[in-house]
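These notes concern the structure reproduced below.
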Amino acid sequence: APTIARAGLADPEFPGVDGSVSCMTLVDQTLYIGGAFNAVGTPTGGCAQFDPATGAVVKNFPRVLGAVFAVAPDGAGGWFIGGDFTLVGGMPRRNLAHVLSDMSVSPWNPGTGGSEDDVFAIAVSGSTVYVGGQFGNLGGRARLAAIDAVTGRVSSWAPNPDDNVVALAVTHSTVYLGGYFERVGGRTRRFLAAISRTSGRATRWNPSPDQPALAIVRTGANIVLGGI
């Protein structure tokens with residue numbers, strides 16, 4: 001019978017380079033490489049954690065296969081991440097994942113619907129994770145959704161923006177969102193809106209910027225915006 005060749009698994013700790021390798025040679029137990037690269041190091045994937053004292057990369061953060069566009073603390077030493085990825089720590093996760101404080105990947109897995117979907121913004125308040133992006137179906141929601149932080153269940157909260165959401169900030173009663181929309185929460189709100197956390201309706205707050213708001217930060221009683 002013919003022998004079936006099986007592919008070996010790549011060593012996750014083996015260094016990678018940021019360019020091409022054109023030559024290599026092994027002398028005793030040392031490997032020398034040359035090529036068109038500027039840096040050599042252990043690949044981190046699309047997300048990395050750094051030691052606040054030394055600046056060194058924390059090596060046991062689960063590797064992300066793809067790009068991470070949004071990170072939000074879970075309040076317990078872990079992180080919710082969103083972006084354009086398919087695996088986190090070897091676990092299938094479509095653009096959303098929860099990394100626990102012990103660096104394991106939690107079972108939380110709401111997932112977005114399609115391969116063209118992206119998550120651009122995450123904000124966490126209590127037991128709710130608010131997610132914005134260009135996704136078409138996240139538990140029946142498009143571009144904006146509220147998700148249970150434990151079960152991953154998408155709530156009935158439905159402001160229904162008519163275009164992509166790229167920035168989020170949350171207070172005890174309000175979700176502030178920025179992006180490319182012109183209507184959300186049942187009202188005309190161009191590029192920036194404040195949405196009730198209970199009703200999903202747009203509030204009377206309406207600064208009406210002339211370009212999309214791409215970053216939102218809550219600081220005290222103020223909302224700080226950035227954009228084009």
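For the single chain, residues carry numbers from 1 onward in sequence order.
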Indicate yes or no: at least one non-hydrogen side-chain atom of [X] is less than 4.5 angstrom from one of [Y].
{"X": "Pro62", "Y": "Met103", "result": "yes"}
{"X": "Val124", "Y": "Pro73", "result": "no"}
{"X": "Leu214", "Y": "Tyr180", "result": "yes"}

Inter-residue atom distance [X].[atom1] - [Y].[atom2], 0.5 Å rounding:
{"X": "Thr112", "Y": "Asp118", "atom1": "OG1", "atom2": "CG", "result": "8.0 Å"}
{"X": "Ile216", "Y": "Leu168", "atom1": "CD1", "atom2": "CG", "result": "7.0 Å"}
{"X": "Ser106", "Y": "Arg93", "atom1": "OG", "atom2": "CZ", "result": "6.5 Å"}
{"X": "Glu182", "Y": "Asp162", "atom1": "CD", "atom2": "CG", "result": "6.5 Å"}
{"X": "Phe69", "Y": "Phe85", "atom1": "CZ", "atom2": "CZ", "result": "10.0 Å"}

Between [X] and [Y], is there a donor-acceptor pair closer than 3.5 Å when you use the side chain of the first and the backbone of the second?
{"X": "Arg218", "Y": "Ala221", "value": "no"}
{"X": "Arg141", "Y": "Trp157", "value": "yes"}
{"X": "Gln134", "Y": "Glu116", "value": "yes"}
{"X": "Asp84", "Y": "Ala67", "value": "no"}
{"X": "Arg189", "Y": "Thr203", "value": "yes"}
{"X": "Thr171", "Y": "Thr174", "value": "yes"}

Would you please classify the geometry between the Phe80 ring and the Trp108 ring as parallel, tilted or perpendicular, with 30° and 60° separating the classes?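 Aromatic pair Trp108/Phe80 classed perpendicular.
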Name of the residue among Leu144, Val154, Asn95, Asp117 meeting side-chain contact (heavy atoms from CB on, under 4.5 Å) with Leu138: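 Considering Leu144, Val154, Asn95, Asp117, a side-chain contact (heavy atoms from CB on, under 4.5 Å) with Leu138 is found only for Val154.
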Partner of Val184 under side-chain contact (heavy atoms from CB on, under 4.5 Å), chosen from Ile195, Leu192, Asn160: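 Considering Ile195, Leu192, Asn160, a side-chain contact (heavy atoms from CB on, under 4.5 Å) with Val184 is found only for Ile195.
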Testing the basics here: between [X] and [Y], what is the closest heavy-atom pair and its distance to 0.1 Å?
{"X": "Arg94", "Y": "Thr86", "result": "NH1-CG2, 3.5 Å"}
{"X": "Thr128", "Y": "Ala149", "result": "N-CB, 4.4 Å"}
{"X": "Val150", "Y": "Asp148", "result": "N-OD1, 2.8 Å"}

Going by atom types only, do Ser125 and Arg197 share a side-chain donor-acceptor pair under 3.5 Å?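 Side chains of Ser125 and Arg197: pair found under 3.5 Å.
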Consider only side-chain N and O atoms of Thr30 and Asp28, and report whether a donor and an acceptor are under 3.5 Å apart.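 No - no donor-acceptor pair under 3.5 Å links their side chains.
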Check the pair Phe61 / Trp79 against ring-ring contact (aromatic ring centres under 6.0 Å, His included), numbers first and verdict last. CA-CA 11 Å; Phe61 193 89; Trp79 305 90; 7.8 Å; no
